[in-house]
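From a predicted model like this one, the values you see are computed outputs, not experimental measurements. Values below: all heavy atoms of this structure, side chains included; hydrogens, waters and symmetry mates excluded.
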Protein chains: 4
Amino acid sequence: MRAAIAVIAEAGYLKASFSRIAKHAGLSSTGMISYHFAGKDDLLAACVTEIEEITGAFMQPRIDAAVGHVAQLRAFVEANVELVGEHATELRALIDLVKNAGSRSDAVDGRLALFEEHFRTGQAAGVFGAFDVRITALALTTGLDAVVATAAANPPEPAELTRIGRELADLYVRATAPGSAGGTA
Amino acid sequence: MRAAIAVIAEAGYLKASFSRIAKHAGLSSTGMISYHFAGKDDLLAACVTEIEEITGAFMQPRIDAAVGHVAQLRAFVEANVELVGEHATELRALIDLVKNAGSRSDAVDGRLALFEEHFRTGQAAGVFGAFDVRITALALTTGLDAVVATAAANPPEPAELTRIGRELADLYVRATAPGSAGGTA
Amino acid sequence: MRAAIAVIAEAGYLKASFSRIAKHAGLSSTGMISYHFAGKDDLLAACVTEIEEITGAFMQPRIDAAVGHVAQLRAFVEANVELVGEHATELRALIDLVKNAGSRSDAVDGRLALFEEHFRTGQAAGVFGAFDVRITALALTTGLDAVVATAAANPPEPAELTRIGRELADLYVRATAPGSAGGTA
Amino acid sequence: MRAAIAVIAEAGYLKASFSRIAKHAGLSSTGMISYHFAGKDDLLAACVTEIEEITGAFMQPRIDAAVGHVAQLRAFVEANVELVGEHATELRALIDLVKNAGSRSDAVDGRLALFEEHFRTGQAAGVFGAFDVRITALALTTGLDAVVATAAANPPEPAELTRIGRELADLYVRATAPGSAGGTA
DNA sequence: AATGAATGAGGGTTCATTCAT
DNA sequence: CATGAATGAACCCTCATTCAT
């Protein structure tokens, strides 16, 4: 399964065939994969779960440590970007998996809903502007993914990573801030 | 080639095989496709070009009509979202193609560079904040794509489309505006 | 498709894989079979149809030439056995296909129904005894198949074939004749 | 081994893989099956033997109780059909095994030889007609199998079972009776 | 007696591509 | 411009068998 993740990260979802995974795992045939997993979907779902545990273990504490809706948004973004420093491979795989989801996308929908809810309660608390939460959540989560994916493609140094995270967080904080924004001109 | 676009939009990049495209085009064999196009990459590249001409014809005038960096940013976003009303199929195909680009992505890189340059000159003119142009361009273009893709998946009414475009443009204008940005809290 | 029939006849239904059929047909890969037929079931159904046309062309005239229910029963049995002389391969294949039917068995059910109906009208005409038509039809058709299959396995000389047909027809005529039947001792 | 019989009866010979049998037996691996049996043929042969002991225990006494060749033929047929009431599963499996015999068919050949010999001695005793014993034995045994198989597929009530047995026995007694049968018309 | 992992072969199917017609 | 047949590779999956533990 580590092999599957590695192959997806390196060769991409499309090329992640059982053959390639088996070879990468040092197996002589694809039979063993079918033996351990009910099918390709099963394997991929297992990968998603595994990776999410890893990323969750990294990100959750940092998010919980933040106080207030804005700080938590910032923490989420920064933690996600910093994650590239420690789990670039897993992130590359995860993003590719999520992109070609089709069905296995409980995760992605979950995060979207989480953002929406976060924005909604933040708006009620007056710390976010009066934007459409669905559209905003969608745009910002996918934008975040793209930045993470790009960073994970060839990971920069930690300092640069921190800078990217802060830049993006700034961007998102600005975008969601209340105040005198967005007249038609 | 219209058939190819239709198939990609309906069945997705992954399932867009020559057989399926041929059937959709009323051809009884895949031979003709190989005859007209050098290979699969060639066909897909041609599709991208074709679609871009269509979208360009729609968007370019609206962008050109806008005056000033901010208004042009807004025009780009709104035009792109409104495009869903007239070319949902093409947009679905294009976004799927771009997602699974790999190589054919001159287009995507082009748009990214365009955004970066737009931000840079806007910053020089003092109408945008001092953000990192690369990160911002990346996050905003992909976020835009996601919103467009979601809208194109099952297109809403024109009025709703206009609203979505304005919401997203507002978000992006806020995100790129100069001023009192992103303190750590 | 002739290859498929030949392989089924020689190697049996179980071993009739696409590989074997392709090799026997002089094809270099199994792809062509999947190209011409929607699936294995499709191929096998086509074989059944093909064989039934062949056997029908041989048997039907002889059955039609017979007058009366008893003579027609005899004609059917004898024609079926004589068929071995000219189409042993096809018969072997057909019987193997029918044995492992599962679904494709319109044919087998058809013949069974035909026998039942023939017995029923014959009983009404008073030329057959008062036996249960379903049980009788079932037992006699499968018995016929077994004799044909055995003969087809290594076909005897025409004269012997004729003898076998007459013997079996005699047996069936006796079995279905009206009169002093089956006391418990 | 009981598991093997059950699986063959339910899923059919074709689908009776070691995996399925192991699962049905509550084993977590197929290893144990290969450990206990030399191979698949060995397992299947063992199943045949096992089932034949069961059926023999039921049928033999009833056959022995009958006096005279005709009565014994009747007893065999009726006992075999009645067996469905008590061992439908085993019968389904046995018939499937015998159908796809290939090699393991000592049993089936044995029964055939037994019938032939029974007919021969009966003919010598003058209680059977002058038919060809081989052809007759073949047709009647397979016909019997088909009726049993159909009954075993979804077993009817005991009374109906008795009726079927008697009907079939009547048929066979008639078919083998001596006398003025089978002129060419 | 039982497990779990591994193997190697074979299964049917789909694909992009080629080519004579 | 179009067809239809053919190729060779890759795909996911199932199988019987083996073996260390």
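Taking atom CD1 on Ile21(D) and atom P on dA16(F), their separation rounds to 8 Å, with Å as the unit. The separation between Leu44(C) atom CG and dT13(E) atom C1' is 15 Å, rounded to whole Å. In this structure, the CG atom of Asp42(B) is 14 Å from the P atom of dA16(E), given to the nearest Å. Distance, Lys40(D) NZ to dT18(F) P: 15 Å, rounded to whole Å. For Lys23(B) and dT3(F), the NZ to P distance is 14 Å, given to the nearest whole Å. The separation between Leu43(A) atom CG and dC12(F) atom P is 10 Å, rounded to whole Å. For the pair Leu14(D) CG and dT14(F) P, the computed distance is 16 Å after rounding to whole Å. Nucleotide dC12(F) holds its P atom 6 Å from the CZ atom of Phe18(A), rounded to whole Å.
Mapping Arg20(D) and Ser19(A) onto DNA chain F via the closest heavy atom, the residue that lands nearer the 5' end is Ser19(A).
Across all strands shown, dC15(F) is found opposite dG8(E) as a Watson-Crick or G-U wobble partner, with both distances under 3.5 Å. With a cut-off of 3.5 Å on both pairing distances, the Watson-Crick or G-U wobble partner of dA20(F) is dT3(E).
Summarising the geometry, atom CZ belonging to Arg92(C) is positioned 12.5 Å from atom CG belonging to Leu94(C); distances are rounded to the nearest 0.5 Å. To the nearest 0.5 Å, the span separating CD1 on Ile51(C) from CG on Leu91(C) amounts to 8.0 Å. Rounded to the nearest 0.5 Å, atoms CG (Asn100(A)) and CG (Asn100(B)) are 5.5 Å apart.
Heavy-atom distances under 4.0 Å link DNA chain F to Thr30(A), Gly31(A), Ser34(A), Gly39(A) of residues 25-39 of chain A, given in residue order.
Using a distance-only test at 3.5 Å, with no hydrogens or angles considered, a donor-acceptor pair links the side chain of Thr55(C) to the main chain of Glu52(C). Side-chain atoms of Arg20(D) come within 3.5 Å of backbone N or O of Lys15(D) as a donor-acceptor pair.
Listed pair Ser17(C) / dG10(E) fails the phosphate criterion, with no side-chain N or O lying under 4.0 Å from OP1 or OP2.
When each of Leu43(C), Ile8(C), Ile5(C), Thr30(C) is checked for a side-chain contact (heavy atoms from CB on, under 4.5 Å) with Ile21(C), only Leu43(C) meets the rule.
Lys99(C) and Asp96(D) are not joined by a salt bridge, as no carboxylate oxygen comes within less than 4.0 angstrom of a charged side-chain nitrogen.
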